[in-house]
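Down below is the structure, laid out as structure tokens.
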Amino acid sequence: MPRRAVEYVTVMLEEGFEMNLVVLPTVLSVIGDLGELNLGKEIHGYVVKTNGYSQDSFAQSALVDMYCKCGDMESGKKVFCGSKERSLVSWTALMAVYSANGLHQDALKSMICMQQEGFRPNVVTLVTLVPACTMLRALKRGKEIHG
């Protein structure tokens with residue numbers, strides 16, 4: 001079923017329909033789940049060309065997530081670092097993909113960087129970091145994050 005959804009989106013774009021900021025993150029998530037990196041790059045090109053989408057924090061987070069799910073951590077990190085306006089959503093997405101890809105130390109480092117930029121973690125951020133703390137056996141750090 002997810003593959004058919006991607007096929008429909010491809011046809012929609014070929015016929016001139018535009019994706020909105022509700023459909024775009026969903027499509028990128030499915031592309032990431034399928035590991036369709038080339039299609040994801042095409043959608044990224046669409047995002048860059050479409051007014052207002054390239055700096056939207058939800059679009060940015062979805063791109064980071066898609067690249068990292070496809071195993072292209074470097075492109076995911078480039079998208080994140082290139083975003084002009086980071087948000088709690090984008091920071092949490094970065095931590096989640098680091099953790100999901102076994103880069104638990106990077107996930108925890110991202111938490112520190114996020115706080116240095118003035119963002120405070122929310123429940124989703126904290127839940128995202130629990131596996132990283134567990135895998136690193138970082139009980140002290142986990143308690144510090146928890147508050």
Side-chain angles (χ1 to χ4, degrees), residues 1-3 5-10 12-14 16-136 138 141-142 144-147:
M1 186 61 94
R3 190 164 300 280
V6 171
E7 290 170 6
Y8 286 130
V9 169
T10 303
M12 283 175 47
L13 292 174
E14 288 171 355
F17 290 94
E18 289 189 17
M19 279 190 275
N20 61 32
L21 288 171
V22 174
V23 174
L24 180 66
T26 304
V27 168
L28 287 169
S29 179
V30 170
I31 290 169
D33 290 342
L34 294 173
E36 295 285 345
L37 182 59
N38 289 332
L39 180 57
K41 288 180 179 181
E42 288 180 36
I43 300 296
H44 187 178
Y46 171 84
V47 168
V48 170
K49 292 176 188 174
T50 305
N51 251 348
Y53 288 8
S54 63
Q55 290 305 315
D56 178 81
S57 65
F58 289 101
Q60 291 289 318
S61 297
L63 284 166
V64 169
D65 183 64
M66 179 277 300
Y67 276 118
C68 295
K69 282 181 179 176
C70 289
D72 189 350
M73 295 295 294
E74 192 60 35
S75 291
K77 190 172 179 179
K78 281 182 186 177
V79 169
F80 178 82
C81 291
S83 64
K84 291 179 183 169
E85 289 188 36
R86 294 186 188 131
S87 68
L88 183 60
V89 171
S90 59
W91 275 108
T92 302
L94 183 68
M95 289 177 225
V97 295
Y98 276 152
S99 191
N101 283 282
L103 301 171
H104 305 294
Q105 194 66 43
D106 290 331
L108 292 178
K109 286 178 186 175
S110 296
M111 172 70 159
I112 294 166
C113 293
M114 179 190 82
Q115 290 175 316
Q116 289 172 343
E117 285 193 12
F119 294 99
R120 298 190 57 81
N122 65 9
V123 172
V124 176
T125 309
L126 297 175
V127 169
T128 299
L129 289 173
V130 168
C133 292
T134 302
M135 294 304 291
L136 294 171
R141 185 68 182 131
E144 289 170 2
I145 290 169
H146 188 264

Problem set entry | Backbone N/O of Ala96 and side chain of Ser99: donor-acceptor pair under 3.5 Å | no
Seminar exercise, completed: Rounding to 0.5 Å, atoms CE (Met111) and CG (Leu129) come to a distance of 5.5 Å
Exercise. How many angstroms lie between CG in Asn38 and CD1 in Ile31, if you round to the nearest 0.5 Å?
Worked result: 11.0 Å
Problem set entry | Identified side chain to side chain contact (heavy atoms under 4.5 Å, CB included) counterpart of Ile43 within the set Glu36, Met19, Met66 | Met19
Problem set entry | Distance-minimising heavy-atom pair for Arg120 and Met114 | C-CE, 4.1 Å
Exercise. So how far is it from Leu37 CG to Lys41 NZ, rounded to the nearest 0.5 Å?
Worked result: 4.5 Å
Exercise. Can you check side-chain contact (heavy atoms from CB on, under 4.5 Å) on Val23 and Asn20, steps first, answer last?
Worked result: CA-CA 5 Å; Val23 174; Asn20 61 32; 3.4 Å; yes
Problem set entry | Distance-minimising heavy-atom pair for Leu28 and Ala59 | CD1-O, 4.4 Å
Problem set entry | ring pair (Phe, Tyr, Trp, His ring centres under 6.0 Å): pairs with one or both residues in residues 27-49, sequence neighbours excluded | His44-Tyr67
For this session: Output yes when a side-chain donor or acceptor of Asp56 lies under 3.5 Å from a complementary backbone atom of Phe58, and no otherwise.
Result: yes
Exercise. Minimum heavy-atom separation for Met95 to Thr128, with atom names?
Worked result: C-CG2, 3.9 Å
For this session: Locate the shortest heavy-atom distance separating Leu88 from Pro121; write the atom from each residue and the value.
Result: CD1-CA, 4.2 Å
For this session: Quick one: pull up CG in Leu126 and CG in Asn122 and give me the separation to the nearest 0.5 Å.
Result: 7.0 Å
Exercise. Just wondering, are more than 12 heavy atoms of other shown residues or ligands nearer than 6.0 Å to CZ in Phe119?
Worked result: yes
Exercise. Under 3.5 Å, is there a donor-acceptor pair linking the side chains of Ser57 and Ser90?
Worked result: no
Seminar exercise, completed: The side chain to side chain donor-acceptor pair (under 3.5 Å) partners of Ser29 (sequence neighbours excluded) come to Lys69
For this session: Report yes if the side chains of Val47 and Lys49 come closer than 4.5 Å at any heavy-atom pair, otherwise no.
Result: no
Exercise. If you take all heavy atoms of Cys70 and Gly32, which pair is closest and at what distance?
Worked result: SG-CA, 4.0 Å
Exercise. Taking all non-hydrogen atoms of both residues, which atom of Ser110 and which atom of Tyr98 are closest, and how far apart?
Worked result: OG-CE1, 3.3 Å
Exercise. side-chain contact (heavy atoms from CB on, under 4.5 Å) between Leu108 and His104: does it pass, once the steps are laid out?
Worked result: CA-CA 6 Å; Leu108 292 178; His104 305 294; 5.9 Å; no
Exercise. So how far is it from Leu94 CG to Arg86 CZ, rounded to the nearest 0.5 Å?
Worked result: 9.0 Å
